[in-house]
Amino acid sequence: MARSRTIIVAGAGIGGLAAALALIHQGFRVVVFEQAEGLEETGAGIQLSPNATGILFALGVGERLKARAVAPEAIRVVRAASAREIVRIPLGRAAALRFGAPYWVIHRADLQAGLIEALEASPDFVLRLGSKVEDFAVHAHGVTVHARGRSTLMDERGIALVAADGLWSSLRPKLGDRSAPRFRRRTAWRALVAADRVPPPAREAATVLWLGPDAHLVHYPVKGGQMINLVAIVRDDRPVAGWSAAGRRGDLAARFVGWHDDARALIRAPQTWQRWSLYDRALAHPWGAGPVTLLGDAAHAMLPFLAQGGAMAIEDAAVLAACLARHSDEPAVALRLYEGLRRARTARAQRQARRNGRVYHLKGAAALARDLALAAFGGDRLLGRYDWLYDWRP
């Protein structure tokens with residue numbers, strides 16, 4: 001592939017890798033810069049709703065991932081104190097038929113490995129590990145990226161630059177948006193545990209959401225059901241640094257006093273927990289300039305209460321690639337089109353995630369009213385409320 005068709009991607013997270021794969025499918029050559037020395041996703045699961053899995057199948061990686069994913073039969077919402085089911089939202093075959101693609105849960109490392117395997121099969125993919133994009137210069141023929149490795153400086157020229165460098169993007173301020181991520185006074189604790197170490201109800205092929213006062217707990221199987229992914233989110237007034245700060249099991253267990261024994265058994269099961277603080281930020285403004293744009297969390301970081309951070313980045317990738325294919329001779333035009341197509345949808349997902357965060361953590365009479373409303377609405381109708389989200393096509 002000629003260098004005039006080269007697109008540079010900063011960041012090899014899920015969004016960056018999905019963008020690379022989508023761009024290669026449209027006939028571009030892609031160079032991905034990643035500051036980490038190796039691609040080693042931390043031990044955590046991710047939910048991939050049909051709006052994301054449909055794209056992965058279209059990109060030819062769905063079958064590769066299928067063996068590594070679990071297709072939960074339902075989302076079960078339960079009361080923290082009693083473990084009584086409030087509502088059961090059907091997934092499995094019902095979701096696949098309704099939306100034309102499955103709902104999956106998968107370990108992030110398995111998703112990343114599947115994307116990398118597909119990319120490495122293409123001669124148009126170049127991955128530069130241990131190299132951080134620090135700056136760029138726009139010129140008549142596109143953009144030149146300046147990157148720093150452990151002991152070297154390097155330049156790369158392309159027709160466009162896609163900054164998929166995450167929540168704390170170093171390239172977003174260079175586009176004119178210097179707003180900072182906002183700490184949302186929540187800390188997420190995550191862990192993986194062998195399935196045989198948790199109570200039997202936690203082993204079923206379901207995503208289970210426990211709702212309690214100022215906290216909630218989510219768990220689902222990964223690794224073909226051999227492991228259980230746990231995420232506990234609690235109120236916290238102090239942020240912690242990084243994505244994988246160590247957390248003491250006893251400190252977390254103290255936040256779940258009064259919860260049902262099964263929930264507390266889940267908290268006790270892992271030997272180690274990791275913590276990260278929850279942030280989001282307003283949609284980027286501007287989102288891009290000239291032949292440079294943002295993608296994924298760099299553009300629209302959102303809270304995890306809608307389980308759409310990864311899915312929105314995968315959607316971004318598909319739309320970006322389609323726009324660049326349509327206007328390959330005018331990358332700046334293509335990128336503004338992409339940004340315009342993504343702004344309203346990603347803003348809606350951000351708003352819904354924030355709202356879910358408030359609703360999940362209600363207490364007292366407000367929590368009882370929430371539970372009664374969910375039960376009255378029913379699982380099928382609740383699934384229908386997400387048609388706007390899951391039944392999306394690029």
Side-chain angles (χ1 to χ4, degrees), residues 13-14 40-47 75-81 83 105-109 166-168 181-195 197-199 201-203 206-223 227-280 297 301-310 353-354 356-363:
I14 290 169
E40 298 178 356
E41 275 283 5
T42 53
I46 184 172
Q47 300 186 60
I75 297 173
R76 296 182 57 237
V77 185
V78 301
R79 291 189 176 97
V105 290
I106 191 170
H107 193 282
R108 284 179 179 268
L167 170 69
W168 301 98
R182 180 176 177 183
F183 175 49
R184 290 295 181 171
R185 298 187 180 280
R186 295 285 188 273
T187 297
W189 296 60
R190 66 167 178 257
L192 276 174
V193 63
R197 290 179 53 84
V198 304
R203 301 173 198 167
T207 295
V208 183
L209 169 61
W210 298 72
L211 300 181
D214 283 333
H216 76 273
L217 174 67
V218 179
H219 57 85
Y220 49 80
V222 293
K223 298 288 186 181
M227 305 290 289
I228 305 299
N229 185 74
L230 298 165
V231 181
I233 297 182
V234 299
R235 182 172 180 83
D236 209 334
D237 292 329
R238 293 185 178 182
V240 296
W243 296 101
S244 302
R248 295 191 299 181
R249 182 172 50 183
D251 292 343
L252 181 60
R255 306 294 294 269
F256 287 81
V257 172
W259 285 49
H260 189 270
D261 286 347
D262 281 357
R264 291 179 58 76
L266 286 167
I267 298 297
R268 293 191 300 268
Q271 294 295 318
T272 59
W273 285 86
Q274 294 178 317
R275 301 174 295 153
W276 83 99
S277 296
L278 299 188
Y279 291 81
D280 68 357
D297 283 353
M302 59 190 67
L303 296 169
F305 305 117
L306 193 63
Q308 284 295 303
R354 292 186 193 120
N356 283 0
R358 294 190 294 271
V359 170
Y360 287 0
H361 289 197
L362 292 172
K363 49 189 173 184

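Positions are given from 1, in the same order as the sequence printed here. The shown structure was predicted, so the numbers you read here are calculated from the model rather than taken from an experiment.
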Inter-residue atom distance [X].[atom1] - [Y].[atom2], 0.5 Å rounding:
| X | Y | atom1 | atom2 | answer |
| --- | --- | --- | --- | --- |
| L252 | I267 | CG | CD1 | 4.5 Å |
| D280 | L303 | CG | CG | 4.0 Å |
| R197 | M227 | CZ | CE | 10.0 Å |
| D236 | W189 | CG | CH2 | 8.5 Å |
| H361 | N356 | NE2 | CG | 10.5 Å |

Of all heavy-atom pairs between [X] and [Y], which one has the smallest distance, and what is that distance?
| X | Y | answer |
| --- | --- | --- |
| I46 | G310 | CD1-CA, 4.1 Å |
| L266 | A202 | CD2-CB, 3.8 Å |
| V222 | H107 | CG1-N, 3.9 Å |

Next item on the list: Start with the C-alpha gap between V198 and L230, add the side-chain angles, then the distance that decides, and say whether side chain to side chain contact (heavy atoms under 4.5 Å, CB included) holds.
Entry: CA-CA 11 Å; V198 304; L230 298 165; 5.6 Å; no

When you compare the side chain of [Y] with that of [X], does any pair of heavy atoms fall below 4.5 Å?
| X | Y | result |
| --- | --- | --- |
| R238 | F183 | no |
| F305 | L278 | yes |
| P304 | V218 | no |
| F256 | V234 | yes |

Check: Once the angle between the rings of Y279 and W168 is folded into 0 to 90°, is it parallel (under 30°), tilted (30 to 60°) or perpendicular (over 60°)?
Finding: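 Rings of Y279 and W168: perpendicular, as their planes differ by over 60°.
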
Checklist line | Donor-acceptor contact below 3.5 Å, side chain R190 vs main chain N229 | finding: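 Here the side-chain-to-backbone pair does not exist.
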
Notebook entry, point to check: Which residue pairs pass the side-chain hydrogen bond (donor to acceptor under 3.5 Å, both in side chains) test with at least one member in residues 252-273, sequence neighbours excluded?
Noted result: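 Pairs touching residues 252-273 that pass the test: none.
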
Check: Per the salt bridge (charged side-chain N to carboxylate O under 4.0 Å, His left out) rule, which among R358, K363, R185 passes with D214?
Finding: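 Of all the options given, the one that passes is K363.
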
